[in-house]
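Take a look at the structure below.
Since we're looking at a predicted model, the values are computed, not measured.
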Amino acid sequence: MAQFARVSGSVGLITLQNPPVNALSAAVRQGIVDTVNRALSDPKVKSVVICGQNGIFCGGADIKEFGTNMSGPPLVPMIHSIEAANKPVVAAIEGSALGGGLELALGCHYRIAHSKAKLGLPEVTLGLLPAAGGSQRLPRLIGVPAALNLITTGRHVTAAEALQLGIVDQVTDDNTVDAAVKFSLLCVAAQSLDARRISSFPCPPLSDIDAVFEEAMQKVRRSARGAIAPVACVQAVRAAATLPYAEGMERERELMATLFTSGQARALQYCFFAQRAVGRWSTPTGARWDMSKPGPVRKAAVIGLGTMGRGIAVALAQTGLYVVAVETQEKQLMEAKQAVSGMLQRGAKRRGTAPALYNIQYSQDIQAVADVDLVIEAVFEDMTLKEGVFRQLSAVCKPGTFICTNTSSLDVDHLASQTPNPELVVGMHFFAPAHVMKLLEVVYGPRSSPQAVATAMQLGKKMGKVSVAVGNCRGFVGNRMLKPYVEQAFFLLEEGATPDLVDGALEEFGFAMGVFRMSDLSGLDVGWRVRKADGLVEPAVASGRSPRVRQDRRYSPLGDLLCEQGRFGQKAGRGWYQYDQPGSRVARSDPWLQGFLEEYRARHGLVARRIDQQEVLERCLYVMVNEGFRILEDGIAAGPEDIDTIYVSGYSWPRHRGGPMFYAAMVGLPKVLERLEHYQQAHPDVPYLQPCGLLRRLVASGSPPIHKWREVIKKLHSQL
């Protein structure tokens with residue numbers, strides 16, 4: 001809806017009303033049309049101000065209307081009618097003007113923004129482009145290079161940057177509506193509107209238009225990794241730069257029509273809603289734990305200041321919490337102080353704020369955490385070490401302190417058993433670097449209280465994390481699914497593939513890095529250490545068993561053999577690839593590795609065969625999907641949205657493919673099932689290729705759409 005009032009005698013004030021962000025729903029669009037017509041037909045109204053209620057101008061289109069038979073006035077003619085009005089129209093922008101909200105403001109003749117407002121055209125993040133004239137008006141207003149940057153990235157700009165770019169005419173620290181009304185009375189009423197209609201502007205000329213757009217296209221193709229919306233955005237802006245406005249609008253409409261029905265747009269919009277759904281967290285049985293009230297956290301502690309502990313301390317301090325950072329090793333403590341200080345200063349510089357240097361107290365004594373409300377243990381990933389820390393914390397912390405562990409795979413319930421109050425224990429699995437990466441897995445055990453989970457979830461939200469509540473099992477959700485994915489990549493090397501082939505297929509699919517490039521970046525010794533702890537790395541000769549069989553299943557020792565050669569990845573200058581020097585990031589194919597693989601295959605009687613990219617994708621991705629179904633079957637994740645949010649937010653899964661479970665639904669569950677059965681027959685010594693019972697059940701149920709899976713899962717759990 002939109003409310004009309006006449007203020008200051010001659011100003012028609014139109015207020016958009018659709019909480020929480022005044023989205024442009026059918027009712028709001030109809031309200032705008034009606035109130036604008038009323039204002040223009042009222043002889044007492046000399047100018048118009050459009051604003052939004054509750055301090056927010058307009059958050060854009062109502063995404064819930066996507067995929068439905070949209071009713072109400074279309075947005076494009078509505079904005080054109082505002083621009084064509086014979087009375088000046090001023091947009092009073094508070095809070096945010098995003099997507100269609102900014103396009104509405106661009107249709108106005110003037111724009112006044114509050115200093116704390118954010119503006120942007122984020123449609124590309126939903127697989128779309130700004131198709132209510134945004135791709136045509138913005139380049140005409142601020143020039144092609146700046147418009148390309150905003151439209152292809154979807155980034156938000158501050159009011160100050162918007163003023164500098166020329167998007168808004170004035171920025172105020174005072175009441176924005178009052179400023180807009182005053183502006184319309186004093187500065188606008190007597191001026192001609194012909195020079196204020198952006199659609200009539202010529203696009204600012206470019207010296208070499210072809211070179212500008214060729215460079216822009218190459219840049220988005222590199223960063224988009226297969227996403228089509230950024231490419232369409234470049235094409236739309238080119239239309240603005242080379243065609244009359246009416247023809248540019250037609251090109252914008254054509255491009256939007258292609259994007260709107262695409263699988264990528266559906267995937268990106270699914271991600272949008274999935275990320276919000278996981279915030280309303282529940283158990284797999286449907287119990288809504290998010291109704292629990294979190295405990296107060298004013299002071300927190302971090303135990304262990306290695307790479308992860310430092311990042312966690314920074315993330316906590318940046319929320320404004322007082323943080324006690326404990327490291328018992330003096331040398332490590334001094335290094336951590338310097339590193340944390342640097343991270344805080346760099347972060348503050350990026351945000352334009354003061355660094356939270358005084359929010360952190362350092363100590364070598366665990367007694368320093370005696371009065372904290374919540375403590376996060378981040379010591380080395382060793383169960384015995386963590387058990388000792390938990391026992392110490394139980395003796396030191398005040399009653400009611402929440403004790404969290406940053407373990408990436410160890411048994412949270414076992415650690416909770418080391419304390420007299422296991423209900424206060426949850427896992428908080430951060431991802432490196434912890435102050436940058438968005439994902440946080442909040443791991444609850446059977447004895448974790450709803451309040452403890454709620455506290456960790458809320459703290460994650462304060463830190464700007466995408467927090468997902470998951471059950472307790474080895475590897476939780478993310479790392480549990482990663483294990484078969486990596487193993488299949490190793491098996492493919494044994495059978496004839498190369499690291500370049502495997503990584504190339506995965507990167508073309510949309511991953512930022514393939515398995516082997518990522519392994520080199522994180523360090524091959526990380527996985528080696530885990531495999532040693534699991535008893536998988538052992539001298540084959542001494543055991544008398546095949547080095548390619550462990551725990552009665554197929555095993556690839558390739559990673560172990562490379563580590564024995566000191567090939568630990570980038571930090572060593574060689575791993576699955578070779579690098580010019582230790583620490584270099586430019587990976588090059590290594591002839592030594594090719595010879596090593598040939599010798600390995602010959603030694604084990606393996607005959608290399610041709611492997612294509614399709615097989616790489618099917619074997620690596622479908623086993624990951626299959627493990628995701630097992631996680632749902634086991635009740636570790638409440639629904640497919642939880643798994644997909646984890647993989648998109650923390651594991652570089654391409655957002656435009658929606659996440660592993662959404663991807664499976666798009667491919668078709670019968671096809672996923674058929675290919676898993678095919679590979680399971682070809683490799684009977686790999687148990688996880690056996691299709692999950694839940695997958696079979698869903699296929700037998702007619703492969704319902706992904707939003708119906710929870711019903712099948714709930715029915716399955718009720719029968720167990």
Side-chain angles (χ1 to χ4, degrees), residues 222 225 306-308 335 339 380-381 408 431-433 436-437 479 482-509 511-534 536-541 547-548 550 554-604 606-611 613 616 619-620 651-652:
R222 282 194 305 270
R225 302 199 301 270
T307 302
M308 288 300 292
E335 291 173 352
F380 188 72
E381 191 78 344
S408 60
F431 291 75
V436 174
M437 291 292 284
N479 286 344
L482 194 66
K483 188 172 184 287
Y485 166 80
V486 173
E487 279 191 0
Q488 281 298 310
F490 282 17
F491 295 160
L492 286 162
L493 290 193
E494 292 186 337
E495 295 165 34
T498 63
D500 288 289
L501 171 70
V502 174
D503 285 350
L506 294 168
E507 288 163 15
E508 190 172 315
F509 178 79
F511 283 97
M513 285 186 180
V515 170
F516 298 107
R517 289 186 213 280
M518 182 56 72
S519 178
D520 273 1
L521 175 64
S522 58
L524 276 70
D525 53 322
V526 175
W528 194 33
R529 195 161 53 235
V530 172
R531 293 190 296 274
K532 282 180 175 178
D534 289 345
L536 295 171
V537 180
E538 56 184 55
V541 176
R548 297 183 58 244
R550 289 286 185 275
R554 182 176 173 183
Y555 177 78
S556 173
L558 286 173
D560 308 334
L561 295 172
L562 261 63
C563 286
E564 288 172 7
Q565 298 269 351
R567 299 178 69 95
F568 297 137
Q570 289 182 6
K571 60 189 173 188
R574 53 187 188 151
W576 298 106
Y577 297 92
Q578 61 179 338
Y579 303 84
D580 291 336
Q581 60 186 20
S584 170
R585 298 216 163 188
V586 181
R588 292 184 287 110
S589 298
D590 192 343
W592 177 90
L593 189 80
Q594 186 59 38
F596 165 79
L597 289 173
E598 289 172 359
E599 189 274 332
Y600 173 87
R601 293 178 192 126
R603 185 166 70 250
H604 294 289
L606 300 170
V607 179
R609 60 180 178 84
R610 183 182 175 277
I611 293 171
Q613 289 197 340
V616 171
R619 285 180 60 181
C620 289
Y651 287 85
S652 181

Nearest 0.5 angstrom please: Trp528 CH2 to Leu536 CG, how far? 13.5 Å

Hey, what do you get for CZ (Arg619) to CD (Gln488), rounding to the nearest 0.5 Å? 4.5 Å

Ion pair present between Asp520 and Lys571, side-chain N to carboxylate O less than 4.0 angstrom? no

How many angstroms lie between CZ in Arg548 and OH in Tyr555, if you round to the nearest 0.5 Å? 12.5 Å

Could you label the plane-to-plane angle of the Phe596 and Trp592 rings as parallel, tilted or perpendicular, counting under 30° as parallel and over 60° as perpendicular? parallel

Any ion pair linking Glu495 and Arg609 (charged N to carboxylate O, less than 4.0 Å)? yes

Return the set of residues passing salt bridge (charged side-chain N to carboxylate O under 4.0 Å, His left out) with Glu507 (not counting sequence neighbours), or none when no residue passes. Arg517

First locate atom CE of Met513, then atom OG of Ser652, and finally report the distance between them rounded to the nearest 0.5 Å. 8.5 Å

Under the salt bridge (charged side-chain N to carboxylate O under 4.0 Å, His left out) rule, what pairs show up with a residue in residues 555-564, not counting sequence neighbours? Arg531-Asp560

Polar side chain donor-acceptor pair, Ser556 to Glu487, under 3.5 angstrom: no

Side chain to side chain contact (heavy atoms under 4.5 Å, CB included) involving Arg588 - partner list, sequence neighbours excluded: Gln578, Asp580

Do you see a donor-acceptor pair shorter than 3.5 Å between the side chains of Asp590 and Tyr579? no

Is it the case that the side chain of Tyr651 and the backbone of Leu482 share a donor-acceptor pair, with hydrogens and angles ignored and the cut-off at 3.5 Å? no

Distance check, rounded to the nearest 0.5 Å: Leu593 atom CG versus Thr498 atom OG1? 9.0 Å

Do Arg225 and Glu508 sit within salt-bridge range, that is, some charged N less than 4.0 Å from a carboxylate O? no

Run the numbers on Lys483 and Asn479 for side-chain contact (heavy atoms from CB on, under 4.5 Å), then give the verdict. CA-CA 6 Å; Lys483 188 172 184 287; Asn479 286 344; over 6 Å; no

Supply the atom-to-atom distance Phe568 CZ to Leu524 CG, rounded to the nearest 0.5 angstrom. 8.5 Å

